[in-house]
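Below is one structure, written out as structure tokens; comments come after it.
Both backbone and side-chain heavy atoms feed into the values below; hydrogens, waters and symmetry mates do not. Only a predicted model underlies this, so the values are computations on that prediction, with no experimental measurement involved.
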Amino acid sequence: MKIKLGLLSAGCLVGAATLAEAQQLQHCAPRDQVVERLADKYGETRQSMGLGSNNAVMEVFASSDSGSWTITVTMTNGITCLVASGQAFEELAEALPPKGDPA
């Protein structure tokens, strides 16, 4: 839960950047260039996505072969910024815990 909250916070910060700010950041580029680089250099493909504040799109890219992963945020202007990356990606499909007694 802490990781999810941290990622959402990071996504909100990046999603709030303006076009001028995004162009100055070293880890931002047009989305098609970012996706191509993640695929070519790291073998990563999109695993999940969601809509954040200001209509920013958060995506998780990962490679099942190497275990590398990258989280990106794409702003409405088409600029994509890298938010986080790492190793040991695992796909999970956990069920929700049972709800308590509705007393």
List in chain and number order the residues that pass side chain to side chain contact (heavy atoms under 4.5 Å, CB included) with Gln47, two or more places apart in sequence or in another chain; answer none if no residue qualifies.
Thr45, Ala62, Phe89, Glu91
Those residues at least two apart in sequence (or on a different chain) that pass side chain to side chain contact (heavy atoms under 4.5 Å, CB included) with Asn55 are Leu51, Thr76
Please, which pairs that meet salt bridge (Lys or Arg N to Asp or Glu O under 4.0 Å) have at least one residue in [range], sequence neighbours excluded?
range          : result
residues 67-83 : none
residues 47-61 : Arg31-Glu59, Arg46-Glu59
residues 47-56 : none

State whether the number of non-hydrogen atoms from other residues, nucleotides or ligands found under 6.0 Å of Gln87 atom CD is greater than 12.
yes
For Ile79 and Cys28, which heavy atoms make the closest approach, and how far apart are they?
CG2-CB, 3.8 Å
Locate the shortest heavy-atom distance separating Val83 from Thr72; write the atom from each residue and the value.
CG2-C, 4.2 Å
When you group the ILVMFWY residues by side-chain heavy-atom contacts below 4.5 Å and let the links chain together, are Val57 and Val35 in the same group?
no
Those residues that, when tested against Arg37, pass salt bridge (Lys or Arg N to Asp or Glu O under 4.0 Å) (two or more places apart):
none
Residue list, side-chain hydrogen bond (donor to acceptor under 3.5 Å, both in side chains) with Thr74, at least two apart or on another chain:
Thr80
Could you work out, with side-chain hydrogen bond (donor to acceptor under 3.5 Å, both in side chains) as the rule, every residue matching Ser63, not counting sequence neighbours?
Ser66
With a 4.5 Å limit on heavy-atom distance, are the side chains of Asn54 and Met75 in contact?
no
Donor-acceptor pair, Trp69 side chain versus Ser85 backbone, under 3.5 Å?
no
